[in-house]
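Below is one structure, written out as structure tokens; comments come after it.
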Protein chains: 2
Amino acid sequence: MPNTETIAVVRGEAEIHPRIAHLFTTAKTEISCAANDLHTWGIRTGSVQGPQSLAPRIAEGLVVRKLYRSGILLDPLCARYANAVQSAGGDVRITPDELNETIVIDGRIAILAGDLSHGVRSYSVVTVPEVVQGVSSLYAAAWRSATPLSTWDRRVAELREMAPRILEVLASGCKDETAARTLGLSVRTYRRRVAELMAALGAGSRFQAGVKARELGLI
Amino acid sequence: MPNTETIAVVRGEAEIHPRIAHLFTTAKTEISCAANDLHTWGIRTGSVQGPQSLAPRIAEGLVVRKLYRSGILLDPLCARYANAVQSAGGDVRITPDELNETIVIDGRIAILAGDLSHGVRSYSVVTVPEVVQGVSSLYAAAWRSATPLSTWDRRVAELREMAPRILEVLASGCKDETAARTLGLSVRTYRRRVAELMAALGAGSRFQAGVKARELGLI
DNA sequence: CGCCGATTGACAACTTCTTGCCAGATCGAG
DNA sequence: CTCGATCTGGCAAGAAGTTGTCAATCGGCG
């Protein structure tokens, strides 16, 4: 077998981001991407070109699918990016569930993001047909159960506006009564907002919500 | 006035870490440092030399004072580093309070860490005598109210060992009863450990604890 | 061997949070 | 102008978390 049909492990963003950028520019039929945030695949850092650059190729038939966690919609920058992908002709869906961060290119190459180890993240670049097929199936399943961006964005647009202030008072460690007063809301309404934030973050406890908010750079 | 007596603003770690490294090697009488974590001043990333390199100069009379947040002692690497500074002849104190991250060199230069802005941190490098004096005074006040490392470390040594597992179940979002069972503890004991963690992190709510744990890289 | 200090687990009181329900207010469409 | 939809705030029930107290256990020390 040609040695391109292997699994390569790449360590660190400096290594993986140029490869992704290259793969994105050479993709012919399909780019499918699942991300918990806009950092993993070099989008936030600008390592990958803006979605506008894909528009002509989408018009020519390139299929672009982006699957994101709902939590990222709480960040105005991320929300704007996701909408830009949609405007460029890409298809964007949102899920509240934790995602296995994945990229599939042309049904032939799959990139899977591993765990952080000593501050460095590993990525597996796979070209074995059976493995790529399996990863594609998993992606398709997650895609099917997700919700269109427009539906989610309508829901979180207002929440996004007040999310920074809510997260700030939550992160200050004070009680709901104090937080509500600080924001000029009733306790009930404040608690509604917190519940919405937790739902958007996919968090089952306030501790978990704090961790996720921090991970997403919302705090 | 010589233009060295100014305030310079430096943006980004790549800029500030080499300067700090240089200042550390040229310091004559005193290095005072306050850090909320071991990342801000380039310690965790290795940009600054290990504490052993200071030992000969400490023996010659260089005074090294390090003031850290109690939360960092939950990280074995950080705890080891702090103890190494102490072993090298430095003086290390611990506070549960939030710190204004500062370095003072020879009572003549002060470096203050600002807030993150768009993922980049600003640092102010100050040589104006009056300002440096004021910063030194603030540092001294925080130093006086802090506790020796040995006292704190005795307290958190056992907590440090089980902190990863506790933080992991906390971050999973499950209830205390479930978490306790997962760790093989009673609910009361689990809650004692969580309370100790929150105290070490200086957190008043679980949400705040989640944020701080994530910031410290404990999760 | 006995005593003492530390720790654990059970129980409980209290606080804080989660969510449902309902009345009233507001706003937009017909 | 009316009506329906939506949101807010108050109230409340229940769940989850916080902390105190006490009895039991264990290990170390004299």
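Chain identifiers are assigned alphabetically (A, B, ...) following the order of the sequence lines, protein sequences preceding nucleic acid strands; residue numbering begins at 1 within each chain.
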Mind calculating the distance between [atom1] ([X]) and [atom2] ([N]) to the nearest angstrom?
X	N	atom1	atom2	answer
B:R188	D:dA23	CZ	P	16 Å
A:K175	D:dG17	NZ	P	18 Å
A:E196	C:dC17	CD	P	17 Å
A:F207	C:dT16	CZ	P	20 Å
B:I166	D:dG17	CD1	P	14 Å
A:Y190	D:dC11	OH	C1'	20 Å
B:L159	C:dT7	CG	P	12 Å

Of the candidate nucleotides C:dC17, C:dC21, D:dT19, which contains the atom at the shortest distance from the side chain of A:D176?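 The answer is C:dC17, which lies nearest to the side chain.
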Can you identify which nucleotide, out of C:dC17, D:dG9, C:dA10, has its nearest atom closest to the A:R191 side chain?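 Looking only at side-chain atoms, A:R191 lies closest to C:dC17.
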If you compare every side-chain N and O of B:T189 against the phosphate oxygens of C:dG9 (OP1, OP2), does one of them come in below 4.0 Å?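 So the side chain of B:T189 is within the cut-off, an N or O lying under 4.0 Å from OP1 or OP2 of C:dG9.
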Is any side-chain N or O of B:R206 closer than 4.0 Å to OP1 or OP2 of C:dT16?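 So the side chain of B:R206 is outside the cut-off, no N or O lying under 4.0 Å from OP1 or OP2 of C:dT16.
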Is the shortest side-chain heavy-atom distance between A:Y81 and A:Y68 below 4.5 Å?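 A:Y81 reaches A:Y68 side chain to side chain.
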Looking at every strand, decide which applies to B:R192 at a 4.0 Å heavy-atom threshold: base, sugar-phosphate, or nothing.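 Result for B:R192 = base.
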